[in-house]
Undergrad: 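Questions regarding the structure given below will be posed in turn.
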Amino acid sequence: MSARFSWRTASLVGLMSVSAWLGCGRAVHASEELSRALNQDFDKGDLKGAEQRVRRRLEAAPNDADAQFASGVVRLLQGIEQLGQAQYRHGAFNDVTRGLPVFRMPVPENPKPEVVSYQKVRQTFLDFQAAVVAAEAELAKVDVTKDVKLRLDFAGIRLDLTGDRRIGEGESFLQVAGIADRRIAVGSTDAYRVAFDAGDVPWLRGYCHFLAAFCDMVLAYDHQRLFDYCGQLVYTRIERSDPALAKLDIGPGEDWSARLADAIAAIHLMNFPCIEPDRMKSAHEHLLA
């Protein structure tokens with residue numbers, strides 16, 4: 001007997017809901033071989049291998065709807081992984097970033113983070129948006145009138161969130177999902193074996209459009225001044241537009257009142273000039289899509 005359930009999870013952004021049929025007692029589908037192979041790649045944290053596997057299948061059969069669906073999923077996971085690596089590289093995960101929408105990634109603390117500038121932060125948004133747009137483009141190729149099927153074990157998806165080519169204990173997709181939605185039982189396994197079908201393709205495309213719109217809305221405005229004065233609330237080492245502001249860095253032993261003062265300053269600095277108005281039009285189009 002098949003069971004149906006709803007599940008909310010995320011990628012940095014934060015918001016993700018999945019409604020899909022569990023695959024108990026169903027006839028073996030032609031996509032079973034692809035699903036098993038992808039789950040093995042995901043369990044090893046080998047997204048590059050998964051990408052190559054799907055590409056080979058599409059080269060042999062360009063209209064393979066299962067492989068097209070898998071290609072979109074892999075590209076989205078790669079975008080999430082790259083976002084995590086960028087956040088780890090810049091030492092971004094702390095008590096403040098846990099509350100940020102979309103981009104709260106459960107990366108471990110980086111003992112030697114790189115210096116980050118405002119332009120590098122913008123590039124992080126640009127790179128993530130490019131990944132989700134590419135994922136949506138792959139999903140758009142799927143003929144949803146076909147019997148599409150992709151069985152994934154979300155509890156077995158590993159992500160290299162630190163970029164060290166080793167998969168740590170906390171580097172899993174469920175860890176990412178657990179930050180976004182506390183109702184997700186990160187230690188559970190059985191509840192997250194999901195058989196996705198054609199009905200999930202437009203949903204995932206919509207999710208990609210939402211993420212792309214969020215990036216557009218951020219990138220449309222100039223946040224340099226906020227970054228200069230309050231970037232230390234999120235990042236460990238800041239490269240400011242005015243070197244004289246470097247003394248504002250909050251050290252590990254600073255009193256909580258110093259952080260509170262910067263948080264109050266952040267509220268007063270929320271007046272951002274629009275530097276790329278066309279991005280707001282693009283965000284509107286993504287949301288309509």
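Since we're looking at a predicted model, the values are computed, not measured.
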Undergrad: Are any of the side-chain nitrogens in R151 or E32 under 4.0 Å away from the carboxylate oxygens of its partner?
TA: yes
Undergrad: Distance alone, cut at 3.5 Å: any donor-acceptor contact between the side chains of S71 and E138?
TA: yes
Undergrad: Has R279 got a side-chain atom pairing as donor or acceptor with A220's backbone, closer than 3.5 angstrom?
TA: no
Undergrad: So, do Y88 and Y235 have ring centers that fall under 6.0 Å from each other?
TA: no
Undergrad: Below 4.0 angstrom, N of the basic side chain to O of the carboxylate: do E51 and K48 qualify?
TA: yes
Undergrad: With no hydrogens and no angle check, is any side-chain donor or acceptor of K120 less than 3.5 Å from a backbone partner on H90?
TA: no
Undergrad: Under the rule for side-chain contact (heavy atoms from CB on, under 4.5 Å), what residues qualify as partners of A86, not counting sequence neighbours?
TA: R89, T124
Undergrad: Judged by atom type as modelled, is there a donor-acceptor pair below 3.5 Å linking the side chain of D66 to the main-chain atoms of K149?
TA: yes
Undergrad: Tell me, do M217 and M280 make a side-chain contact under 4.5 Å, heavy atoms counted?
TA: yes
Undergrad: Given the rule that I, L, V, M, F, W and Y join up when any side-chain heavy atoms are under 4.5 Å apart, are Y229 and F272 in one cluster?
TA: yes
Undergrad: Could you check whether any side-chain N or O of H223 sits under 3.5 Å from a backbone N or O of Y221, counting only pairs where one atom can act as donor and the other as acceptor?
TA: yes
Undergrad: Once side-chain contact (heavy atoms from CB on, under 4.5 Å) is applied, do any residues pair with N63, and if so which ones, sequence neighbours excluded?
TA: K146
Undergrad: Is it true that R166 and D160 make a salt bridge, defined as a side-chain N closer than 4.0 Å to a carboxylate O?
TA: no
Undergrad: Going by heavy atoms in the side chains, are Q129 and L211 under 4.5 Å from each other?
TA: no
Undergrad: Give a yes or no on whether a salt bridge exists between R158 and D43, defined as a side-chain N under 4.0 angstrom from a carboxylate O.
TA: yes
Undergrad: Show, in sequence, the C-alpha distance, side-chain angles and deciding distance for Y118 and F125, and conclude whether the ring-ring contact (aromatic ring centres under 6.0 Å, His included) test is met.
TA: CA-CA 11 Å; Y118 174 60; F125 280 84; 9.3 Å; no
Undergrad: For the pair R57 and D64, find out whether any cationic side-chain nitrogen is under 4.0 Å from an anionic carboxylate oxygen.
TA: yes
Undergrad: Is there a side-chain contact between L161 and Q85 (heavy atoms, below 4.5 Å)?
TA: no
